[in-house]
Amino acid sequence: MGLLKRWVEAAKEEEFADSDRKQVFLDGKDVLVLKIEGRYHAIHNVCSHAFALMVGGLVEGHEIECPLHGARFDVRTGVNLTPPAVRALAVFDTKVEAGAVFVRI
Ligand code: FES
């Protein structure tokens, strides 16, 4: 596996018509793409605290809450905002091109 990152298509924009989120597997990574206020954010879908999938988390503003123990993270930076998480989530760059959402992996 090289160190160079590349853009990978994650979803079509139309897939966010009925939902604010989509879980995708890109290059072996479990990624959650979120649409918030018209912009796309991509975070690692697995909580940094223990094993829980963030796709089931409550989103408020730019914060997502882990469905298992309630740690909150900023989806823009991945920064952990509340316990019990003590580590950030990985975040990935996103872009939109020709009606598709790309994630930089
Ligand atoms: S698994 Fe997410 S806060 Fe514990």
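Whatever order the structure lists them in is the order used to number ligands and atoms, beginning at 1.
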Between NZ on residue Lys5 and CZ on residue Phe92, distance to nearest 0.5 Å = 7.5 Å
Please tabulate, one pair per line, all N/O donor-acceptor pairs under 3.5 Å involving side-chain atoms of residues 96-105, not counting sequence neighbours.
| from | atom 1 | to | atom 2 | distance (Å) |
| --- | --- | --- | --- | --- |
| Glu97 | OE2 | Lys95 | NZ | 3.0 |
| Arg104 | NH1 | Asp93 | OD2 | 3.2 |

Using side-chain contact (heavy atoms from CB on, under 4.5 Å) as the criterion, point out the one residue from Met54, Arg21, Lys22 that pairs with Leu34.
-> Arg21
All pairs passing salt bridge (charged side-chain N to carboxylate O under 4.0 Å, His left out) where residues 39-59 contributes a residue, at least two apart = none
Non-neighbouring partners of Arg76 that pass side chain to side chain contact (heavy atoms under 4.5 Å, CB included), sequence neighbours left out = His41, His62, Asp74
Run through ligand 1 for me and note each protein residue having a heavy atom under 4.0 Å from it, chain first, then residue number.
-> Cys47, His49, Ala50, Ala52, Cys66, Leu68, His69, Ala71, Pro84
Distance col, row Glu9:CD vs Leu26:CG, nearest 0.5 angstrom, shows 10.0 Å
